[in-house]
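Basis for what follows: all heavy atoms, side chains included, without hydrogens, waters or symmetry-related copies.
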Amino acid sequence: MNVLKTVLFALVMIFALTLTSGCSDRDPAGLEIARATIDPVVFTDDLGGDVYFQPFFETYYETMKRDSVETYNSEASLRMTIPGRDSALGPYSGGVLTSGGKRDLADFNALTFYAKSSVLSQLNVVGFGNDNTGNSLYEAGRSNVSLNNSWTFVVIPIPSPGKLVAERGLFTFAEGFEPLYPAGHNLWFDEIKFAHLENITNPRPVMTSVNKQYFTGAKVDVAGTYTLFDVDGADIRVDHSPNYFDFTSQNAAVATVENGQVQLIAPGTTVINASMDGVEAAGMAVLSVYDPPAAAAPQPTLPASDVISMFSGAYPDVPVGTWDTNWQYSTAEDSEYSVDGNVAKMYAALNFVGIDFSSLTVDASDMTHLHLDVFAPAGTNFRVKIVAFNGDGGLVIGQSELTFDATTTPAFTAGDWASLDIPLEDFGLTAPLDHVGQLVLSTDDAQLVLVDNIYWHK
């Protein structure tokens with residue numbers, strides 16, 4: 001069909017409808033709202049309609065190929081090549097099948113497809129709702145789906161189908177090499193469609209229960225939302241965006257929730273609850289909100305020539321790989337928070353957090369002190385650990401930790417900025433400090449802290 005003619009015809013029809021509606025006596029409220037394209041097909045023998053593949057960043061960009069040999073009762077399947085360990089093709093394969101236009105998927109309750117693997121494998125992530133724009137609202141999927149060299153029928157229930165009235169993200173997958181097969185392997189997908197299945201029942205929405213502290217003015221994303229479904233008598237867990245839920249705050253003067261994001265308004269405590277399509281979600285978020293310090297941390301006055309700064313508006317900063325290593329069992333959430341126009345690092349839900357700069361270490365051998373300004377609205381202790389390496393990206397050769405409270409020098413007390421100017425000799429390290437590569441901050445009870453002016457000096 002001539003595309004130009006099609007577009008012109010559509011424009012003419014829209015104009016005609018506009019003129020007609022302007023002369024009609026019908027109540028516009030009674031007119032049926034036009035829906036986006038209702039099309040369940042993602043791939044059957046070929047990509048459906050306007051569907052195209054977008055590989056994820058740093059993955060094997062040619063991972064997807066049409067395969068006419070390995071198929072599920074069809075002419076072709078999609079073969080995905082998963083690179084092996086340390087492959088030049090990338091650390092993993094992954095991407096999304098998206099449609100050029102929006103689709104209305106409200107009539108369907110599941111994404112279904114057939115899949116197989118050249119080896120026994122656990123498909124890391126597979127789902128829908130990711131259009132690879134970075135602004136996806138309704139991501140959802142399953143993890144660790146078992147596959148083998150026979151075709152497996154996979155069902156991913158849609159948490160709340162009525163939300164998907166304008167969706168472009170139709171299919172998502174991500175897979176790394178299997179430890180038992182470090183040379184890599186292949187996956188095949190076929191008959192990828194949205195469907196309405198009668199055997200999906202008993203949705204049980206869940207939000208992870210948390211008890212956290214934040215400062216007023218902060219915006220916090222709700223995390224840990226998922227729904228359990230009964231599919232033919234077996235429980236299927238679908239992890240998904242909080243946007244599938246409707247949230248309520250028991251104290252709207254303290255916090256409100258919009259699009260899965262909590263806005264902290266005033267000091268106090270509130271409980272955030274959730275529901276999905278009228279079904280109350282298990283779990284809750286108990287949030288305690290505090291006022292920030294009245295002023296920013298004291299401005300450093302040392303000459304720049306005597307300082308190696310990691311984070312301070314007063315000096316140029318050296319590179320830091322990450323301010324949160326997300327080590328196992330760490331609950332810390334890192335972000336930035338502005339006090340009087342001065343930005344500080346904020347750690348919420350702090351038990352311990354790793355700050356890593358081991359690929360470009362700090363030479364602190366000529367320095368005498370490590371300095372941090374720390375503010376916590378509550379809590380009794382704060383710990384600092386330094387970790388020394390034998391070179392950039394090398395091995396750990398020494399580490400030591402100090403605990404600060406109201407009785408130590410320097411002292412840590414809640415409710416005011418604590419200026420921790422720590423003599424390096426107090427750490428008692430015998431290892432050289434010419435390649436310091438990590439700091440570890442931890443506490444027993446100061447769950448919410450601001451940290452500023454992190455630097456070494458002499």
Side-chain angles (χ1 to χ4, degrees), residues 57-60 83-92 176-177 179 182-184 300 302-334 336 344-345 347 350-374 382-404 410 420-443 449 451-458:
F57 179 65
E58 291 187 339
T59 68
Y60 178 34
R85 187 197 306 269
D86 300 324
S87 170
L89 300 178
Y92 73 105
F177 72 88
L302 292 169
S305 58
D306 293 339
V307 171
I308 301 174
S309 175
M310 295 176 59
F311 183 84
S312 175
Y315 307 107
D317 297 328
V318 297
V320 173
T322 179
W323 291 95
D324 185 356
T325 53
N326 292 302
W327 285 327
Q328 188 176 19
Y329 306 121
S330 172
T331 58
E333 303 170 4
D334 76 299
E336 294 187 344
K345 290 290 180 184
Y347 290 106
L350 178 64
N351 57 349
F352 67 91
V353 65
I355 302 170
D356 184 86
F357 42 101
S358 57
S359 61
L360 290 172
T361 55
V362 167
D363 183 357
S365 55
D366 290 335
M367 302 292 113
T368 60
H369 290 73
L370 170 64
H371 181 96
L372 306 89
D373 288 313
V374 181
F382 188 79
R383 291 186 290 269
V384 180
K385 177 189 287 188
I386 59 175
V387 183
F389 291 74
N390 65 356
D392 287 351
L395 301 175
V396 174
I397 57 172
Q399 53 187 310
S400 181
E401 183 176 72
L402 294 174
T403 299
F404 302 94
L420 303 182
D421 204 47
I422 312 166
L424 293 180
E425 63 182 15
D426 288 1
F427 286 98
L429 276 175
T430 57
L433 298 181
D434 54 348
H435 289 93
V436 180
Q438 288 176 350
L439 293 177
V440 183
L441 311 179
S442 61
T443 181
V449 298
V451 187
D452 200 359
N453 298 322
I454 307 172
Y455 58 84
W456 314 80
H457 74 89
K458 57 185 177 181

**Item:** Beyond-backbone contact of Leu441 with Val374, side-chain heavy atoms, under 4.5 angstrom
**Value:** no
**Item:** Leu395 side, atom CG; Asn390 side, atom CG - distance, nearest 0.5 Å
**Value:** 5.0 Å
**Message:** Restricting to side-chain hydrogen bond (donor to acceptor under 3.5 Å, both in side chains), what partner residues turn up for Ser358, sequence neighbours left out?
**Reply:** Asp356
**Message:** I want to check something: taking the side chain as every heavy atom from C-beta on, are Asp334 and Val353 in contact at a cut-off of under 4.5 Å?
**Reply:** no
**Request:** Find out whether Val362 and Trp456 are in side-chain contact, i.e. whether some heavy atom of one side chain is under 4.5 Å from a heavy atom of the other.
**Result:** yes
**Item:** Closest approach of Arg85 to Pro179 (non-hydrogen atoms, all atoms of both residues)
**Value:** NH2-O, 4.3 Å
**Prompt:** Between CD of Gln399 and CG of Leu439, what distance do you get to the nearest 0.5 Å?
**Reply:** 12.0 Å
**Complete:** Rounded to the nearest 0.5 Å, the CD1 atom of Ile355 sits from the OH atom of Tyr347 at a distance of 4.0 Å
**Asked** When rounded to the nearest 0.5 angstrom, what distance separates CG in Leu350 from OG1 in Thr443?
**Response** 6.0 Å
**Request:** Please list, chain by chain and in numerical order, all residues satisfying side-chain contact (heavy atoms from CB on, under 4.5 Å) with Pro303, sequence neighbours excluded.
**Result:** Ser305, Asp306
**Item:** Residue pair Val318 / Ile308, side-chain heavy-atom distance below 4.5 Å
**Value:** yes
**Prompt:** Taking side chain as C-beta onward, heavy atoms only, is Leu302 less than 4.5 Å from His371?
**Reply:** no
**Request:** Could you note down all residue pairs passing side chain to side chain donor-acceptor pair (under 3.5 Å) where residues 307-320 supplies at least one of them, sequence neighbours left out?
**Result:** Ser309-Asp317, Ser312-Asn453
**Request:** Report yes if the side chains of Leu370 and Ile386 come closer than 4.5 Å at any heavy-atom pair, otherwise no.
**Result:** yes
**Item:** side-chain hydrogen bond (donor to acceptor under 3.5 Å, both in side chains) partners for Thr368, two or more places apart
**Value:** none
**Request:** Look at the rings of His369 and His457 and say which category their plane angle falls in: under 30° parallel, 30 to 60° tilted, over 60° perpendicular.
**Result:** parallel
**Message:** Run the side-chain hydrogen bond (donor to acceptor under 3.5 Å, both in side chains) test against Thr361 and tell me which residues pass, sequence neighbours left out.
**Reply:** Asp392
**Item:** Derivation and outcome, side chain to side chain contact (heavy atoms under 4.5 Å, CB included), residues Tyr455 and Met367
**Value:** CA-CA 10 Å; Tyr455 58 84; Met367 302 292 113; over 6 Å; no
Atom pairs and distances, side-chain donor-acceptor, residues 426-437, under 3.5 Å, sequence neighbours left out:
none

**Asked** Shortest non-hydrogen contact from Gln328 to Phe352?
**Response** O-CZ, 3.4 Å
**Asked** Checking side chain to side chain contact (heavy atoms under 4.5 Å, CB included) against Arg383, which of Val440, Thr403, Leu402 comes through?
**Response** Thr403
**Prompt:** Going by heavy atoms in the side chains, are Phe404 and Pro410 under 4.5 Å from each other?
**Reply:** yes
**Request:** Write down the atom of Lys345, the atom of Trp323, and the distance for their closest heavy-atom approach.
**Result:** NZ-CD1, 3.4 Å
